[in-house]
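A short write-up of the structure that comes next.
Computed over heavy atoms, backbone and side chain alike; hydrogens, waters and symmetry mates excluded. Source: prediction; values computed, not measured. Below, read A as the first sequence line, B as the second, and so on, with proteins coming before strands; counting in each chain starts at 1.
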Amino acid sequence: MQAQIIDADYFLNGNKPVIRIFAKTESGNTICVFYDKFLPYFFIVPTAGTAGKLKEIPEIRSVEEVERFEPLGYSKEKTKMLKITVTNPQDVPKIRETLAPYTKNIYEADILFKYRFMVDHGLYGMKWIDFDGERVRTNTVKVPAFRTEEIRSADRNDNVPLRHMSVDIECLPSDPRKPLDSKNDPIIIISMSFAPHFRDKKNLVLLAKNFYGDDIKGFQTEKEMLEEFVRILDAYDPDIITGYNINSFDLPYLAERFRHHKMPTNFGRSEKMSFGKTFGILQEFIISGRVVVDPYQILKRDPWMKFPRYDLNTVSKILLGDEKHDVEYGKMAGLWNGTKEQISTFLEYARQDANLSIRLVIERGMLDKFVELAKISGLLLQDLFGGQTKRVETMALHEFRKRGFVMPPAPSKGELARRAKERESQGLKGATVLEPEKGLHAEGCILVLDFKSLYPSIMRTFNISPETAIKTPVENCYASPSGAYFVRPETKSGILPDILSTLVDARTAVKKQMKNSKPEEKRMLNAKQLAIKDMSNSFYGYTGYIRARLYMIDVAGSITAYGRDNIIKTKNLVEKNFPARVVYGDTDSIFVKTDMTNLEDAKKLGEDIASFVTSNLEGHLELQFEKIYRTFLILTKKRYAGWKFEHTGTEWKNSIDMKGIETVRRDWCPLVSELMLKIINIMLKEGDIHLAMNEVKGILDKLKRGEIPLEKLTVIKGLTKSIENYDGMLPHIEVAKKLAARNPHDPPKIGDRIGFVILKGNNHLLSKRADDPKYVAENGLQIDSEYYISSQLLPPIERILNSVGVERTELLGGGRQSRLGDIMSGAKRKMKHDIVVDYNKPEQPLAGWEEFLCKKCSKSYSRMPLRGVCECGGQLLFGFHGSVGTRLVAKQNGILHNQ
DNA sequence: TGCGAGCGGGG
DNA sequence: GTGTACGCTCGCA
């Protein structure tokens, strides 16, 4: 029989573990495969005292002498180790602790049992198994179960269609002023959507009230409704359970209500109860045999784009084009206890929410990439959502095992502290950002070129891997620019470089295959190449991630050191061999200024530069021509805009690219964002600073004359707690107080968004001069134009115009012409284009997160500060951390906004 | 300026 | 579960 792995776990038969694989057969049936011939084990490097201690531990079943390579640092020979086998996986941690003082090293004593099994049998999440099954009767799983003596991986890549069910609950707080309490406040509605349909139903809404309607089922009590929920769950038997923020709200809440009614929380495919766990922010809900998919967590943690907010409303508007109508929390009780129509409205709201989350997963193919990531990394689908570290480590474990290497343990607290200290003393230098030639470049085209997978290429070219690093240089080894040494591939080919090479080849093959494949296959292949890319980009960051098993500061430091060398070499190669100047560059990209105004000529030059540089650099380093900026405005490192031209094959398409320039911020009114976009647009497309200045002056005049509509001056902020609980002076709170006083029957509630404008007045406190725009309009009150000019408009506008040498006084000083010469050499272009902001494809040259470290005071910033230097005035160094960790976003500020 | 609390999403 | 993980913004000292 063959089946595709959905999930795996084990249970104890007495003291003995039985591995359980939940899988789907070709025909779409779910089965469970039992295997009881596998026992947990780990390795130790013994010392003199080891043998005696081993005899004292009764749980140890067998001790076997083996040889394995140690993983950190190059070693020529394998090390003699003892393979310790025990019976119960749960005994391993305590045996590990007991043995620790009596051993030199312990390896692989913290590999989850299910992964120990999968790796040893060459099994990968979402891939296929091949086995001869004998049907067994059991009440531990709810699907047909088979016992097998042997289990192999099957060589096939197709996917069995999955069954998805989304869940959304509505609750009613007993006290509307207090937050919800799952111990007391009942669930009143459970809404579900199904893909594929469940008994011809797309969705189903249950409610704890006598009520009937299309696909609506009413119940006398909450308990009866919950019982029906489990019946539906078991009948539909979904592989995927989804819902927006379901991990931290709906599922834990449901579980608590089940416990309240003394009902078992048995939502899965086995006898195991479902439960939620929390660490840090991340909440996870485990349902045995199924996969919990939370679109909210995916979008936040593994994003391909940045959203202004991550609520279901915003996200579905952008991803599905569908706006959802919300029911205010405060009005829910009214609807629930209201007329038939009101209840219907409430039910439709619940139905819509379940529909939207399932549509996000299905229509946006949100799971596609993760299915492929499972097949590449070996992780089970459920475990992919926790972060990149586990993906890299599981993939590496497969490869380490094949080559006779053991995997180091996850770092202990002490080891973490040691690493942190080591890092503080010797530092981990990041990438180089070339000093930009600040200002507007409008005379000739700017060519943007970047290195294809820079860090992976470096690792492959110089054989950089934890087990190729060597302390004392041997003959014929690589000496990295940071002073570390690595043996050459002839001596030992690095595991990570080899994995990366395999990934590169696989990606090339997939892309080729995509060209002549049908839509459905193409979709899968595209997901696969994205998954490969994700994995490739994870390895460098992983080696520098402090919690990594394979952390080596020399490895990470050497990679960035080669990167810094590379960009300087590239700059020199370009400037020595072409009539061009590098005006900016960051990590893996260079911006080359030419005197060309013809796009075709510029393109040709870009391609020539790319192939020349590539042929003059070592190994796998490959510079590619990326795009043309007809004009380019750079404020500081990391903050620029360009008028981009790309050839589609038939014509030139243009749009405005913006990086690091924030045009949308919560504390800015719409006028600020609009004006910023406008002047950037004018500078880039007209190449004229004066026009931009005039635009600013025009707006300032309008503002002074009170001709700017109030909605453009309104800043909106939400009430996060009740008004009494704020003690500081905040404009929106003062406005909320005023609103409450004016309309005592319907005061602002928690969660309400309060808009305000700032008025002229005697009170020097800003908050006291804030008021509701509607009230201001009705009473003809005057806005404080001085405030808007000096506090809202000028600071961001100044930062842009300063980069081209314009001072604040020139903006405020009437219509006087500036002393600046017109920097446009050619004739002014009269082309008019709307700003097109492409938020579907934020450019991410390297996936990962960055930090900016001050050279002088060591302060760290997660974003390049607006001034481009540290607040102490010190120069900022750039650090890059690959794509490990959770700080994955924060890069594409200003990419997303409404046009 | 630096630090700590609190929030995010969900009802 | 052979576990044990955030990053940002705001208010206050």
Side-chain angles (χ1 to χ4, degrees), chain A residues 9-10 17 39-42 84 86 88-97 106 108-117 167-173 176 178-182 185-189 243-253 272 275 277-284 286 294-297 299-301 307 309-315 326-333 336 346 349-350 353 357 386-387 389-390 409-410 413 416 545-547 665-667 717-718 720-721 726-730 750-751 849 851 857 859 861-863 871-872 884-890:
Chain A
D9 66 1
Y10 76 95
L39 293 175
Y41 66 86
F42 58 94
I84 313 289
V86 302
N88 187 340
Q90 290 160 10
D91 293 335
V92 173
K94 59 181 185 223
I95 298 175
R96 181 181 68 206
E97 300 318 316
I106 301 186
E108 304 189 2
D110 56 355
I111 308 288
L112 292 190
F113 187 58
K114 59 186 179 185
Y115 285 114
R116 174 81 283 163
F117 171 78
V167 180
D168 178 55
I169 62 167
E170 313 296 331
C171 316
L172 211 53
K178 283 198 207 146
L180 268 182
D181 171 13
S182 56
D185 303 331
I187 297 173
I188 49 172
I189 300 171
Y244 208 76
N245 205 23
I246 196 176
N247 265 321
S248 43
F249 181 70
D250 302 73
L251 291 176
Y253 203 106
K272 284 191 184 161
F275 64 100
K277 44 182 190 177
T278 318
F279 8 72
I281 185 193
L282 194 74
Q283 294 196 66
E284 205 179 4
I286 309 292
D294 189 336
Y296 165 68
Q297 283 185 350
L299 293 172
K300 250 201 135 168
R301 294 177 53 92
F307 295 88
R309 292 162 49 89
Y310 287 86
D311 57 296
L312 180 57
N313 200 352
T314 308
V315 164
D326 266 317
V327 173
E328 286 172 41
Y329 295 157
K331 293 190 175 144
M332 285 182 173
W336 181 246
F346 200 0
Y349 159 76
D353 277 9
S357 2
T389 312
K390 282 197 282 183
K413 275 218 170 79
L416 281 176
Y545 178 51
I546 200 154
R547 318 194 86 98
R665 266 173 60 159
R666 247 186 294 224
D667 50 353
K717 286 199 173 172
T720 50
K721 43 189 177 180
Y726 284 92
D727 15 62
M729 287 291 269
L730 292 167
I750 297 172
W849 49 278
E851 68 176 349
C857 71
K859 185 176 163 61
Y861 298 82
S862 57
R863 291 183 189 182
E871 49 210 19
C872 78
V884 166
T886 52
R887 286 171 53 205
L888 284 158
V889 210

Checklist entry - Looking only at atom C1', what distance separates C:dT4 and C:dC8, rounded to whole Å? => result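 My reading of the C1' atoms in C:dT4 and C:dC8 gives 23 Å.
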
Item to check | Inter-nucleotide P distance (B:dG10, C:dA5), Å rounded | outcome: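 27 Å, rounded to whole Å.
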
Considering only [options], which nucleotide approaches the side chain of [X] most closely?
X      : options              : answer
A:R96  : B:dG9, C:dA5, C:dG3  : C:dG3
A:V92  : B:dG10, C:dT2, B:dG9 : C:dT2
A:P93  : C:dG3, B:dG8, B:dG10 : C:dG3
A:F249 : B:dG9, B:dG10, C:dT2 : B:dG10

Checklist entry - Taking the inter-plane angle between the rings of A:F307 and A:Y310 on a 0 to 90° scale, is it parallel (under 30°), tilted (30 to 60°) or perpendicular (over 60°)? => result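 Perpendicular.
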
Once you round it to whole Å, what is the distance between [atom2] of [N] and [atom1] of [X]?
X      : N      : atom1 : atom2 : value
A:L282 : B:dG9  : CG    : P     : 15 Å
A:K94  : C:dG1  : NZ    : C1'   : 13 Å
A:N245 : B:dG10 : CG    : P     : 6 Å
A:F42  : C:dG1  : CZ    : P     : 19 Å
A:I246 : B:dG10 : CD1   : P     : 13 Å
A:Y10  : C:dG1  : OH    : C1'   : 7 Å

Just call it for [X]: base, sugar-phosphate, or nothing, with non-hydrogen atoms closer than 4.0 Å on any strand.
X      : value
A:R116 : base
A:D311 : sugar-phosphate
A:F275 : nothing
A:I187 : nothing
A:I169 : sugar-phosphate
A:P40  : base
A:Y41  : base
A:D353 : sugar-phosphate
A:D168 : sugar-phosphate

Item to check | Minimum heavy-atom distance between A:V315 and A:R309, given as atom pair plus value | outcome: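 Of all heavy-atom pairs spanning A:V315 and A:R309, the closest is CG2-O, 4.2 Å.
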
Next on the checklist: Would you compute the distance between atom CD of A:E284 and atom OG1 of A:T278 and round it to the nearest 0.5 angstrom?
Outcome noted: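 It comes to 10.0 Å.
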
Checklist entry - Can you tell me how far OH of A:Y349 sits from CD of A:E170, rounded to the nearest 0.5 angstrom? => result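 Output value for this atom pair is 5.0 Å.
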
Checklist entry - Are the side chain of A:D294 and the backbone of A:N247 linked by a donor-acceptor contact shorter than 3.5 Å? => result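 Side chain of A:D294 to backbone of A:N247: a pair is present.
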
